[in-house]
Amino acid sequence: MSTEIVQANHTEASTQPINRQALVAAAMAVVALVGLFFAGMAVIAVFVVGAGHVALNQIQQRGERGRGFAIAALVVGYGIGLLSLGSALIFAFTSAA
């Protein structure tokens, strides 16, 4: 009997749609990585972080899938932000001397 309940819950979870905001955040994270390495632009990471947080909130409220996409986007966005902050601080301290 418990096997039937587990299988029923599994099929319900798999029929939930993937959150579109999570997919957008993941796509923006890829664009941010490409933009960082080819154009030196890290500004897109701010939007990636915002979209990732909105996606996580929507996923929690609606019970949708896509949490992994949203978390991956947040990791990339925050990583680019930390890399940019570190390089700005290094530039500031080395150019002042």
Side-chain angles (χ1 to χ4, degrees):
M1 181 162 180
S2 63
T3 307
E4 294 172 6
I5 294 172
V6 171
Q7 290 176 346
N9 288 338
H10 179 66
T11 57
E12 288 176 12
S14 64
T15 60
Q16 290 293 331
I18 296 177
N19 184 277
R20 288 185 182 173
Q21 189 73 28
L23 293 175
V24 168
M28 287 173 51
V30 171
V31 170
L33 280 173
V34 171
L36 178 68
F37 289 113
F38 290 116
M41 295 179 55
V43 176
I44 301 171
V46 174
F47 300 107
V48 171
V49 169
H53 281 292
V54 169
L56 281 178
N57 190 20
Q58 288 178 352
I59 289 167
Q60 183 180 9
Q61 289 178 349
R62 299 177 187 171
E64 296 175 327
R65 296 182 301 151
R67 181 172 159 80
F69 287 123
I71 291 175
L74 286 172
V75 167
V76 170
Y78 279 119
I80 291 173
L82 286 173
L83 180 67
S84 300
L85 178 64
S87 65
L89 288 174
I90 289 171
F91 177 76
F93 288 123
T94 57
S95 64

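Computation of the quantities below employed the complete heavy-atom set of this structure, encompassing side-chain atoms and omitting hydrogens, waters and symmetry-equivalent molecules. Given the structure is predicted, the values throughout are model-derived calculations rather than measurements.
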remark   = Value for OG (Ser87) from CG (Leu82), rounded to nearest 0.5 Å, stands at 10.5 Å
Nearest-0.5 Å distance that lies between atom CG in Asn19 and atom CD in Gln60 = 12.0 Å
request  = Consider only side-chain heavy atoms of I, L, V, M, F, W and Y, link residues closer than 4.5 Å, and tell whether Val43 and Val31 are in one cluster.
outcome  = yes
request  = Please report the shortest heavy-atom distance between Ala42 and Ser84, naming the atom on each side.
outcome  = CB-OG, 3.0 Å
request  = Compare every heavy atom of Ile59 with every heavy atom of Ala22, then report the nearest pair and how far apart it is.
outcome  = CB-CD1, 4.2 Å
remark   = Closest non-hydrogen atoms of Ile44 and Met28, given as atom of the first, atom of the second and distance, are CG2-O, 4.0 Å
message = What's the separation between atom CZ in Arg62 and atom CG in Asn57, rounded to the nearest 0.5 Å?
response = 9.0 Å
ask   = Cluster question for you: counting only ILVMFWY and a side-chain heavy-atom cut-off of under 4.5 Å, with indirect links fine, are Leu85 and Tyr78 together?
value = no
message = Quick check on the hydrophobic clustering: are Leu56 and Val49 connected, directly or via other members, by side-chain heavy-atom contacts under 4.5 Å?
response = yes
ask   = side-chain contact (heavy atoms from CB on, under 4.5 Å) with Leu83: which residues, sequence neighbours excluded?
value = Leu36
key: Heavy-atom closest pair, residues Ala26 and Phe69   = CB-CD2, 4.0 Å
request  = Flag the pair Ile80 / Val48 as yes when at least one side-chain heavy-atom distance between them is below 4.5 Å, and no otherwise.
outcome  = no
query = Of all heavy-atom pairs between Ala70 and Gly52, which one has the smallest distance, and what is that distance?
reply = CB-O, 3.9 Å
query = Which heavy atom of Pro17 sits nearest a heavy atom of Glu64, and at what distance?
reply = O-CB, 3.4 Å
